[in-house]
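Please read the structure below before turning to the comments.
Just so you know, ligand 1 is whichever comes first in the structure, and atom 1 is the first atom listed for that ligand. Keep in mind that what you see is a predicted model, and the values were worked out from it rather than measured. Just so you know, these numbers use all the heavy atoms, side chains as well, and skip hydrogens, waters and symmetry mates.
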Amino acid sequence: MSSKINAAITGTGSSAPKRVLTNLDLEKIVDTSDEWIIERTGIKERRIVEDGIVGTDLALDASKKAMEEAKVLPEEIDMILVGTVTPDFLLPSNACILQDKLKTKNAGVMDIVAACSGFIYGLSIAQAYIQTQKYKTILVIGVEILSHVTDWTDRNTCVLFGDGAGAAIVQPTNDDKGILATFLSGDGSLANLLHIPVGGCKTPLTEKNIKESMHFIKMQGSEVFKSAVRSMGDATERVLKLGAITSDEVDLLIPHQANMRIIEATARRVKLPMEKVFVNIHKYGNTSSASVPIALDEARKSGVIKKGSKVVLVAFGAGFTWGSALIKF
Ligand code: ACO
């Protein structure tokens with residue numbers, strides 16, 4: 001016990017659509033191969049929503065599981081933070097819609113547009129509110145329906161993405177555990193390397209730009225790859241420094257699941273053996289902001305994370321944004 005208030009994760013949950021899209025399925029859609037996708041990305045299959053399912057449906061499922069584990073009732077939630085770049089609507093936010101679905105009464109609600117780093121941005125905001133004792137129970141979510149913004153004729157991108165949601169409940173504790181440090185950063189000057197060019201106020205949707213598939217994700221893969229390795233390595237080192245620990249003391253690294261080669265290069269940079277790195281990219285592909293919380297939930301539920309484990313979460317995504325969190329369980 002210490003007098004300091006820490007922000008601890010007291011429950012997690014995740015949700016993935018039932019529909020599985022394998023590399024062999026993709027071979028029938030674009031000029032690609034199971035072998036190429038596995039070798040260049042590590043992905044074997046991804047989950048894709050059925051028609052009519054939206055992000056707040058998956059977020060609701062993941063949230064209920066996290067709330068059940070933390071024994072939190074809807075009316076106890078003070079704030080809902082949803083990391084997403086694929087909201088149900090441009091207006092209102094997913095957090096608002098989820099508040100209604102969960103029947104929470106008093107929660108503040110906010111979406112965070114930080115792409116793959118969205119969940120870590122949310123955790124950092126939750127930590128600040130808990131440590132300043134403004135709020136007691138915060139629901140943080142990462143959820144994406146990337147299949148809706150994927151160009152299924154573009155082999156450079158369509159093999160990478162999937163849908164899913166992950167959630168965590170963050171609450172105060174006096175124990176010597178919880179979110180020990182977070183680090184957030186970004187670089188908007190590189191925005192054009194990974195973006196959806198149209199559909200915002202600057203370039204509204206038109207018949208012409210939809211025909212040209214400009215409303216889907218466009219990515220310069222190899223440039224994004226290099227920035228991801230550099231930024232995820234840097235963010236990991238920064239959060240270890242902030243938490244005053246060395247990489248030897250880390251029990252588990254949970255990196256954003258974008259590409260197996262990015263994960264391996266990041267681990268090498270921060271001198272962590274792959275046995276200490278959690279990987280589930282083969283099952284889900286890149287689910288953007290959902291990737292880290294799904295992996296966190298699986299690592300906790302499978303017993304990889306134990307009481308006392310020191311875990312680093314790290315992500316990188318469109319924007320560019322990147323960030324990390326050091327957590328003691
Ligand atoms: N199947 C077969 N061949 C392919 C495919 C495919 N699915 N995709 C690309 N290729 C080809 C290319 O056309 C190219 O052929 P060419 O040499 O004849 O021109 C060749 O493979 C090599 O292409 P590269 O783009 O150089 O391949 P690379 O090894 O860089 O892998 C990849 C591409 C997987 C996209 C990689 O660059 C990557 O993972 N980038 C990072 C993605 C990422 O991290 N995004 C993070 C954030 S996502 C978000 O925020 C939503």
Enumerated ligand 1 atoms positioned under 4.0 Å from heavy atoms of T41: 34 (C)
Sole residue of D57, V54, L58 in side-chain contact (heavy atoms from CB on, under 4.5 Å) with V49: L58
4.0 Å protein heavy-atom contact status of atom 24 (P) of ligand 1, strictly under: no
Polar side-chain atom of D163 near backbone of L146 as donor-acceptor pair, under 3.5 Å: yes
Element-labelled atoms of ligand 1 that are located less than 4.0 Å from some non-hydrogen atom of M219: 35 (C), 42 (C), 45 (N)
Polar proximity ligand 1 side, H256 side, N/O cut 3.5 Å exclusive: no
Crowding at NZ, K134 (>12 non-hydrogen neighbours, <6.0 Å): no
Any protein heavy atom nearer than 4.0 Å to atom 10 (N) of ligand 1: yes
For atom 13 (O) of ligand 1, the protein heavy atom that lies nearest, with its residue and separation: R155 NH2, 3.0 Å
Side-chain donor/acceptor of N209 to backbone N/O of P204, under 3.5 Å: yes
Modelled atom types, side-chain donor and acceptor of E144 and T86, under 3.5 Å: yes
Sub-4.0 Å atoms of ligand 1 with respect to non-hydrogen atoms of L194: 47 (C), 48 (S), 49 (C), 50 (O)
Salt bridge flag under 4.0 Å for residues R230 and D234: no
For I262, atoms of ligand 1 separated by under 4.0 Å from a heavy atom: 41 (C), 44 (O)
Identity and distance of the protein heavy atom lying nearest atom 43 (C) of ligand 1: V224 CG1, 3.7 Å
Distance flag for atom 40 (N) of ligand 1, protein heavy atom under 4.0 Å: yes
Candidate with minimal heavy-atom separation from atom 1 (N) of ligand 1, of T32, T157, I43: T32
Lys/Arg N to Asp/Glu carboxylate O, E69 vs K65, below 4.0 Å: no
Under 3.5 Å: donor-acceptor pair, side chain of T236, backbone of M232: yes
Side chain, backbone, both or neither: the part of L146 lying under 4.0 Å from ligand 1 by heavy atom: neither
4.0 Å protein heavy-atom contact status of atom 21 (O) of ligand 1, strictly under: yes
Heavy atom of the protein closest to atom 26 (O) of ligand 1 (residue, atom name, distance): S222 CB, 4.6 Å
Qualifying residue for side-chain contact (heavy atoms from CB on, under 4.5 Å) with V250, from V311, V270, L272: L272
Heavy-atom protein contact below 4.0 Å for atom 17 (O) of ligand 1: no
Donor-acceptor under 3.5 Å (T321 side chain, A114 main chain): yes
Shortest protein contact, atom 50 (O) of ligand 1 (heavy atom only): C116 SG, 2.8 Å
Donor-acceptor under 3.5 Å (S291 side chain, T287 main chain): no
Short side-chain donor-acceptor distance under 3.5 Å, K101 and T56: yes
Closest protein heavy atom (residue, atom, distance) for atom 33 (C) of ligand 1: W36 CH2, 4.1 Å
Contact atoms of ligand 1, heavy-atom distance to V159 under 4.0 Å: 7 (N)
Numbering as shown, the atoms of ligand 1 that approach R261 to under 4.0 Å (heavy-atom distance): 28 (P), 29 (O), 31 (O)
Non-hydrogen atom of N156 closer than 4.0 Å to ligand 1: yes
Identity and separation of the nearest protein heavy atom to atom 48 (S) of ligand 1: N286 ND2, 3.2 Å
Check: G221 N/O within less than 3.5 Å of ligand 1 N/O: yes
Atom pair CG (N23) and CZ (R46), whose distance is rounded to the nearest 0.5 Å: 4.5 Å
Donor-acceptor contact below 3.5 Å, side chain E249 vs main chain T246: yes
Heavy-atom nearest neighbour in the protein, as seen from atom 38 (C) of ligand 1, with distance rounded to 0.1 Å: N259 ND2, 3.5 Å
Contacting atoms of ligand 1, where contact means under 4.0 angstrom from a heavy atom of G317: 50 (O)
Nitrogen or oxygen atoms of R40 and ligand 1 under 3.5 Å apart: yes
Side-chain donor/acceptor of Q99 to backbone N/O of I80, under 3.5 Å: no
